[in-house]
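We name chains A, B, ... by the order of the sequence lines, and we start the count at 1 in each one. Heavy-atom basis, side chains included; hydrogens, waters and symmetry copies ignored.
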Amino acid sequence: MVAEPSTPAAAFAGDANFTEPWSAQVRTLTRLRRHREALALLRHGDPSPPPHALALPSAAISCAALSLSSGISQIHALAAKRGLLPAADAYLLSALLTSYSRIGRLPLAHQLLDEMPLESTPHTTLRTAFNSVISGCALHALPAACFTVFRRMRAASVRFDAVTLLALVPAAPLSAVPQVHALAARAGLAAETSVANCLISTYARGGAAGAALARRVFDEMPLASRDLVSWNAVLSAHAQNGLAVDALELYRRMRGPDGGGVEPDAVTLVGVLSSCAHQGARGMGFDIERYVRERLPSFRTNVQLCNALINFHARCGSLPRAQRLFDEMLRRSIVSWTALITGYGMHGHGDIAVSLFERMVSEGIRPDNVAMVGLLSACSHAGMYDEGRRYFSTMESAYKLQPTLEHYTCMVDLLGRAGRLEEARELISSMPMPADGAVWGALLGACKIHRNAELGEEAFEHIIELEPRNAGYYVLMSNIYTDTGQLDGVARVRTMMRERGLKKEPGCSYIEHKGRVHLFMADDHSHPQAKRIYELVIRLEQMVKEKPGARESGAAEGGEKEVAVQPLIGFHSEKLAVAFGLLNTEAGSEIVVIKNLRVCGDCHSFLKAVSGIANRAFLVRDASRFHRFKGGVCSCKDYW
DNA sequence: TTAGGGTTAG
C-alpha cells in the first residue's frame, strides 16, 4: 500500500520545521501527542550533540503517556550519569517527576522530591515539583497522599497555586471541601475560573445540598470569569442531583443575556437533555435535538450525546425516535443499550427489552448493574415473573454481578406484584445487606395491590424507621387499611402523619401545547380555560358512567397511587390535563401527559374509557412507567 | 521545555 500523505509520519515530514534541531522536533511531537514518533526520533536521532536539553524531558512525558515505565527509568539513569540531577536541570527533573507520578510510580516521585535541594532550587521549580506529585496522587486515587504531600509543600514554605488546588479540591472528603475552599479564598485563588469551576463540580457530588453550594460559587463568580465550563459544571451539578427544574432554568439563563454569548456544547446538552428526560420537558428536548442536528452535524460520533438523546426520547414517550437514534449510532456503549432497554421496559414492552438485552450480550457487551436494573424492572412492569427470576438468579454466575439494593427492590416488586408476597418477604430475609426503605416500600406496594394488611404492617414498621419523613408510604398504608375496611388503622396512620407534620406530595400533571407548559393540580381552577375543562370532565364522567361495563373493577392497584378525593367525580390532575388536551389539540394527534405520582385506579379506568369514547390516544407518564390509553384499553394491560 | 477544570443510563 502506498503511504498516503495523511499518515502521521508523512504529515510530520510535511509540516516539520527542518531548521529545528531534531531534539526540538522530539519536543514538538510530544506536544502533538505523537508519542511513538517522538520516541522513535529519540532512538534514531544523531547522538551528537547530546539530546538531553530539549529531547529528554519530552521523551519522559511520552514514555509516561505510553505507559513505558522502563523508558522513564532509562532516561532517569541517563540524566543521573550525566550529572543533571538532582536539580541541575529543573525541566528534566520536573518532567521525570511528572512522568513517574502519572504512571503511578509514586515512591520514585517522592524520592526525587526528597533529593531536591530546597535552598538552591528556584521557587517555581519547587512548586511545579510538588504540584506534579500531588496531581499524580490524585490521578491514582490516593486522596490522603495528596494532602500528605500538600502538608510537606507548606512545611517547605512553597506557595500553592491554582494548579495545586485543581488536584487538591476533588481529593478532599466532601465534608472538608469548604475548608479547602476557604484556604483558596484566603490565597486569592478561589475566584480564578479554573478553581471556581473545580469547586463547582466537586460540590456537585454532595447531593442537593452540594448543588446549592455549587450554585453559590457560580453566582459569586464575576460575570467575566464565567466560561462555558462554569455553565456546564453548575448545570450538571443540578442535573445530577435531580434538580431538573433548576438545570433547565440555568440553561435558559445561559442562552439569554446572562450567558454572555456563551454557546452550549455537547457537554451542556448532555446535562440539559438528562434534565429534560427527568422532567418530561418534551418541547425543550425537541428544540435541543434540532439544535444538535443543525449545529453539531457530527453528533453521531459522540456516544454520550446520542445516549442522552436516546434516554430523552425513551423517557418522554418517543420510543421510535429513541430506536432510530440507536440504530443510527456508529458506536454504542452499554449506556446506549441500557437507555433503550429501560425505555422499552417503561412502556411495558418487556419482551423487546429482554431480546435487546440478549442481543447486547451476544455482541460481547457484559451487562453492568445498571443494565440489570433496567432489565429487571422491564420484567417487573410486564409481569414477566419467570424471566425476571431467572435473570436475577444468574446475575452472579453469568455476569459476575453482586445484586445491589436496587436489584432486590426490582425483585420484591416483581414477586410482590405477581402475588407472591411470601416469596418476596423471604427474599428480603435472605438479603446479605439490610433492606432499605425502597425494598420495604416495594413490598408495601405489593401489599396494597393484594390487600394484605398484615404483611403491609410489617413492611410499614420498617419503613417508618428508615424513611420517617416520606409521606407517600403513610398514604399507602392508610390506603391498605381503607381497602381492607380497617378504619381504626386509617385513623392511626393519619394521626401519625399529622403529629409528624407530614403532607402528601400534591399530584400534578402537565401537558405541553404550542411551546407552553400547562400545569394542573388536583381540583385546581387556576387555568384560564378551567371552566371549559371542568365541564368537559363532568360530561365525560357521565358518558363513562352510562357506558355499560366501561368502569370495570378488578384492575390491579398498588404503589403510591393517588386517592380520589371524591369517588365519583375526583378532579385529579391527569383528568384535567387530558381534558385540556382534548379541547386544544386536533383529532388524531396523541395527547401526552406527564405526571409526578402514580395514576390512581379511578383515573386509570376513566382514561381507558374516554380513549374509547373520544377515539383518541393518551400517553401518560406516571412516576414509574408509561400508560398508553387507546380504544378503551391501556398498554399496561391493567398490570401496574 | 514542567503541573491542569466540565458529561450520559436506574
Using a cut-off of 4.0 Å on non-hydrogen atoms, how would the nucleic acid contact of Asn311(A) be classed: base, sugar-phosphate, or nothing? sugar-phosphate
Next on the checklist: Tell me whether the NZ or CZ atom of Arg332(A) lies within the 45° cone about the ring axis of Phe326(A) and under 6.0 Å from its centre.
Outcome noted: yes
Out of dT7(B), dG6(B), dT2(B), minimum distance to the side chain of Gln304(A) belongs to dT7(B)
The nucleotide from dG5(B), dT1(B), dT2(B) with an atom nearest the side chain of Arg27(A) is dT1(B)
Note to self: Below the 4.0 Å mark, does dG6(B) have OP1 or OP2 next to a side-chain nitrogen or oxygen of Gln240(A)?
What the structure shows: no
Whole-Å distance, Leu235(A) CG to dT8(B) P, equals 10 Å
Per atom distances to the Leu228(A) side chain, the nearest of dA9(B), dG6(B), dA3(B) is dG6(B)
Among dG5(B), dG6(B), dT7(B), the one nearest any side-chain atom of Ala233(A) is dG6(B)
Side-chain atoms of Thr193(A) come closest, of dG6(B), dT2(B), dG5(B), to dG5(B)
Side chain to side chain contact (heavy atoms under 4.5 Å, CB included) filter on Pro122(A), not counting sequence neighbours, yields Thr124(A), Thr125(A)
Rounded to whole Å, CZ of Phe357(A) lies from P of dA9(B) at a distance of 19 Å
Would you mind classifying the nucleic acid contact of Ser230(A) as base, sugar-phosphate or nothing, using non-hydrogen atoms under 4.0 angstrom? nothing
How would you label the contact of Arg102(A) with the nucleic acid (heavy atoms, under 4.0 Å): base, sugar-phosphate, or nothing? sugar-phosphate
- prompt: Is the NZ or CZ atom of Arg127(A) both under 6.0 Å from the centre of the six-membered ring of Phe160(A) and within 45° of that ring's axis?
  reply: no
Is Ser194(A) touching bases, backbone alone, or none of the nucleic acid, heavy atoms closer than 4.0 Å? base
Residue-phosphate contact under 4.0 Å: Ser274(A) side-chain N/O, dT7(B) OP1/OP2: no
Checklist entry - Do Asn131(A) and dG4(B) share a donor-acceptor pair, side chain to base, under 3.5 Å? => result no
From CG of Asn302(A) across to P of dT7(B) the rounded distance in Å is 14 Å
Q. When you measure from the centre of the six-membered ring of Tyr203(A), is the NZ or CZ of Arg216(A) under 6.0 Å away and within 45° of the axis?
A. no
The nucleotide from dA3(B), dT8(B), dG6(B) with an atom nearest the side chain of Asn307(A) is dT8(B)
What contact category does Ser132(A) fall into here, base, sugar-phosphate, or nothing, at under 4.0 angstrom with non-hydrogen atoms?
sugar-phosphate
Residues passing the side chain to side chain contact (heavy atoms under 4.5 Å, CB included) test with Ala339(A), sequence neighbours excluded, are Ile310(A), Asn311(A)
Asp265(A) atom CG is separated from dG5(B) atom C1', nearest whole Å, by 13 Å
Quick note, Thr98(A) side chain, CB onward, closest among dG5(B), dT2(B), dT8(B) is dT2(B)
Separation of dG6(B) atom P from His238(A) atom NE2, nearest Å, is 17 Å
### Task
Answer with base, sugar-phosphate or nothing: what part of the nucleic acid does Arg31(A) contact at a heavy-atom distance below 4.0 Å?
sugar-phosphate
>> Check this for me: does any side-chain nitrogen of one of Arg253(A) and Glu249(A) sit under 4.0 Å from a carboxylate oxygen of the other?
In response: no
Glu289(A) atom CD is separated from dT8(B) atom P, nearest whole Å, by 19 Å
Leu375(A) atom CG is separated from dA9(B) atom P, nearest whole Å, by 19 Å
Arg205(A) atom CZ is separated from dG5(B) atom P, nearest whole Å, by 12 Å
